[in-house]
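Shown next, in structure tokens, is the structure this report addresses.
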Amino acid sequence: MVLKLYNTLTREKEDFSPIDPANVRMYVCGPTVYDFAHIGNARPVIVFDLLFRLLRHLYGTNAVTYVRNITDVDDKINARAARDFPGLPLNDAIRQVTSATEAQFQADVAALGTLAPTVQPRATEHIAEMIAIIERLIASGHAYAAEGHVLFDVPSMADYGRLSRRPLDDMIAGARVDVAPYKRGEMDFVLWKPSTENEPGWESPWGRGRPGWHLECSAMSWKHLGETFDIHGGGIDLVFPHHENEVAQSRCAFGHDVMANVWMHNGFLQVEGEKMSKSLGNFLTINQLLADWPGEVLRFTMMKTHYRQPIDWTVKSLEESWKTLDDWYWFAGDVPGTRPAKAVVEALCDDLSTPKAIAELHALRNAAQRTGGEGARDALAGSLRFLGFFADTGEAWAARRKSAVEVDVAAVEALIADRLAARQARNWAESDRIRDQLTAMGLVIKDAKDPATGEMKTTWEPAR
RNA sequence: GGCCUCGUGGCGGAGUGGUUACGCAGCGGACUGCAAAUCCGUGUACUCCGGUUCGAGUCCGGACGAGGCCUCCA
């Protein structure tokens with residue numbers, strides 16, 4: 001089975017061929033830990049989790065190294081620490097912010113059904129590698145020190161701008177940034193900058209300071225994946241400048257034509273047709289959403305749209321997702337399948353076409369219905385587990401809706417018992433009255449005969 | 001202003017030049033005391049204007065519309 005991936009570097013879908021099939025290497029830009037992760041942050045997490053699962057399936061569970069970093073040095077973190085912990089020394093305050101935020105992030109993404117990456121390195125634990133890269137860049141003439149800063153000399157790199165397809169001349173012409181006096185070129189960017197007493201800093205050959213904005217990913221990918229590797233992923237907004245500058249740093253430091261062979265970028269997310277922003281009041285954190293929706297519903301909603309397309313995140317879509325998962329759990333939640341259907345894997349091999357994979361799941365569901373065979377049902381369950389679903393039993397899943405509403409369960413059960421008695425007495429007026437009463441409570445009831453005993457049983461759940 | 005995506009049925013969302021995507025909703029039927037759930041069946045589309053072609057949702061050009069990046073945002 002051939003895996004095809006769209007490569008931002010070439011703007012084409014290409015056959016994937018790993019440098020070393022025994023160790024497929026992928027790096028994905030992770031969160032900056034200063035605040036709750038929002039649903040937009042969840043998109044690359046889910047997308048590249050799927051790719052991780054697919055690569056493990058194709059090359060072997062232990063043949064894939066997936067690195068997703070934690071950015072724990074950033075001026076936004078410093079600001080948040082000063083705001084939230086004014087009484088603490090800055091370093092302690094920063095530690096409070098980063099450790100609490102990271103713990104929240106890990107809990108959030110675990111609830112989304114993602115596997116833990118192989119390595120989750122922290123920027124602050126790779127300062128030595130960053131300094132080593134800067135020293136290489138200075139030695140090779142691609143960086144220079146000025147006024148306590150070290151800057152990358154953009155014009156020294158002949159094909160700077162290849163990833164984002166931005167010719168240097170155009171960028172300079174359209175530049176809207178203030179040019180700092182210590183910069184030689186307008187587009188030069190910071191590798192190292194000085195820290196004041198009140199800012200976090202590390203000793204370096206250029207004085208006490210902290211790393212620039214793009215250096216950490218070059219350092220961490222180098223440390224954990226080597227000078228070149230297979231796949232680099234992130235949100236499409238990172239193409240420029242973040243990834244472009246990462247490429248520049250890594251390639252010029254190590255002297256390779258490429259940093260990663262394949263660059264993958266997920267599209268953006270809108271909320272109810274509008275850009276998500278705090279000022280519009282439609283800023284959705286993963287954590288908030290998890291209060292109302294199972295993590296698998298969020299995951300499935302994300303998968304309904306191909307990763308490169310923009311996605312419109314709506315309540316309607318979430319409700320539809322929940323309904324679909326209800327059906328699948330009801331239909332196959334407790335069958336033991338663990339292997340994915342070939343058609344589902346093939347769909348993902350087509351540049352991670354999750355919409356096509358979902359269509360295949362529906363096909364399996366329909367085939368199992370029509371033939372009554374256990375094969376398709378097993379394949380449905382196995383495929384869903386492969387894709388990160390069916391972590392619950394069917395019963396536990398069904399209970400989620402009930403726990404989402406506040407009702408007096410004992411009272412509901414009593415009403416249902418009364419209704420059953422009325423029905424057995426063929427007192428339809430009374431049984432309908434009780435049903436209306438339950439409906440008014442926001443509940444729906446379902447009558448079903450136990451196929452074994454023929455006994456009538458009634459179940460309930462919140463109305464959708 | 002520069003660069004880059006994208007415009008498919010009521011909604012979501014696939015479609016690599018040539019027979020049905022699929023799902024949800026809707027509608028019809030079965031089942032049910034009536035419902036719900038379930039099962040069976042089913043209609044509706046390719047933004048507009050040109051061009052290439054025997055044939056275009058699919059390729060080319062243009063118009064209009066939407067979104068993104070160029071500001072340490074996934």
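In what follows, chains are A, B, ... by sequence order, proteins preceding strands, each numbered from 1. All values below were derived from every heavy atom in this structure, side-chain atoms included, with hydrogens, water molecules and symmetry-related copies excluded.
Ring pair H142(A)/F152(A) is parallel by interplanar angle, where below 30° counts as parallel and above 60° as perpendicular. Below 30°, between 30° and 60°, or above 60°: for W328(A) and F300(A) the angle between ring planes is above 60°, a perpendicular geometry. Ring pair F240(A)/Y160(A) is perpendicular by interplanar angle, where above 60° counts as perpendicular and below 30° as parallel. Relative ring orientation between W397(A) and Y329(A) is described as parallel, the plane-to-plane angle staying below 30° on a 0-90° scale split at 30° and 60°. Classified by interplanar angle (parallel below 30°, tilted 30° to 60°, perpendicular above 60°), the ring pair Y182(A)/H149(A) is parallel.
Nucleotides rA36(B) and rG26(B) are separated by 10 Å at their P atoms, to the nearest Å. Distance check on atom P: rG29(B) versus rC34(B) gives 14 Å, rounded to whole Å. Of the C1' atoms belonging to rC48(B) and rU38(B), the separation is 45 Å, rounded to the nearest Å. Between the P atoms of rC64(B) and rC73(B), the separation comes to 33 Å (whole Å). Rounded to the nearest Å, the gap between the P atom of rA45(B) and that of rA37(B) is 28 Å. Between rA74(B) and rG61(B), the two P atoms lie 35 Å apart (nearest whole Å). Taking atom P on both nucleotides, rC22(B) is separated from rC3(B) by 41 Å, rounded to a whole Å.
Look at F268(A) and the base of rG67(B); the rings do not stack under the cut-offs of 5.5 Å between centres and 30° between planes.
A donor-acceptor pair shorter than 3.5 Å cannot be found between the side chains of R423(A) and S431(A).
Closest-nucleotide positions on RNA chain B for P31(A) and R365(A) were compared, and the one nearer the 5' end corresponds to R365(A).
The backbone N or O of H38(A) sits less than 3.5 Å from a side-chain atom of N41(A), completing a donor-acceptor pair.
Summarising the geometry, the separation between CG on L284(A) and C1' on rA74(B) is reported as 14 Å, rounded to the nearest angstrom. Atom C1' of nucleotide rA74(B) and atom CZ of R43(A) are separated by 9 Å, given to the nearest angstrom. The distance between atom CE of M456(A) and atom C1' of rA35(B), rounded to the nearest whole Å, is 12 Å. One can place CG of D436(A) at 16 Å from P of rC34(B), the figure rounded to the nearest angstrom. Distance NE2 (H214(A)) to C1' (rC72(B)): 7 Å, rounded to an integer number of Å. As a whole-Å value, the separation of I236(A) CD1 from rG68(B) C1' is 7 Å. Note: NE2 (H149(A)) to C1' (rC72(B)) measures 14 Å, nearest angstrom. As rounded to whole Å, 15 Å separates atom P of rU5(B) from atom CG of D351(A).
Considering D351(A), D350(A), N7(A) as possible partners of K13(A), the one that fulfils the side chain to side chain donor-acceptor pair (under 3.5 Å) test is D350(A).
Within the 4.0 angstrom heavy-atom criterion, base atoms lie near R435(A). G267(A) comes within 4.0 angstrom of a nucleotide base, judged by non-hydrogen atoms across all strands. Among the protein residues, L238(A) comes within range of the sugar-phosphate backbone only, with heavy atoms under 4.0 Å from sugar or phosphate atoms but none that close to a base. Residue-level contact check: K193(A) touches the bases, meaning some heavy atom is under 4.0 Å from a base atom. In this structure, R308(A) reaches neither bases nor backbone, as no heavy-atom distance under 4.0 Å exists between it and the strands shown. Counting any heavy atom pair closer than 4.0 Å across all strands shown, G234(A) reaches sugar-phosphate atoms only and no base atom.
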Contact pattern, 5' to 3', of nucleotides 10-25 of chain B - B, S or - by protein heavy atom under 4.0 Å:
-S-SS------BSBSS
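Taking side-chain N and O atoms only, K275(A) has a distance below 4.0 Å to OP1 or OP2 of rC69(B).
Interface remark: the D447(A) side chain does form a donor-acceptor pair with the rA35(B) base, using a distance-only criterion of under 3.5 Å.
Scanning both residues, E199(A) and L90(A), for their nearest heavy atoms gives CA-CD2, 3.8 Å.
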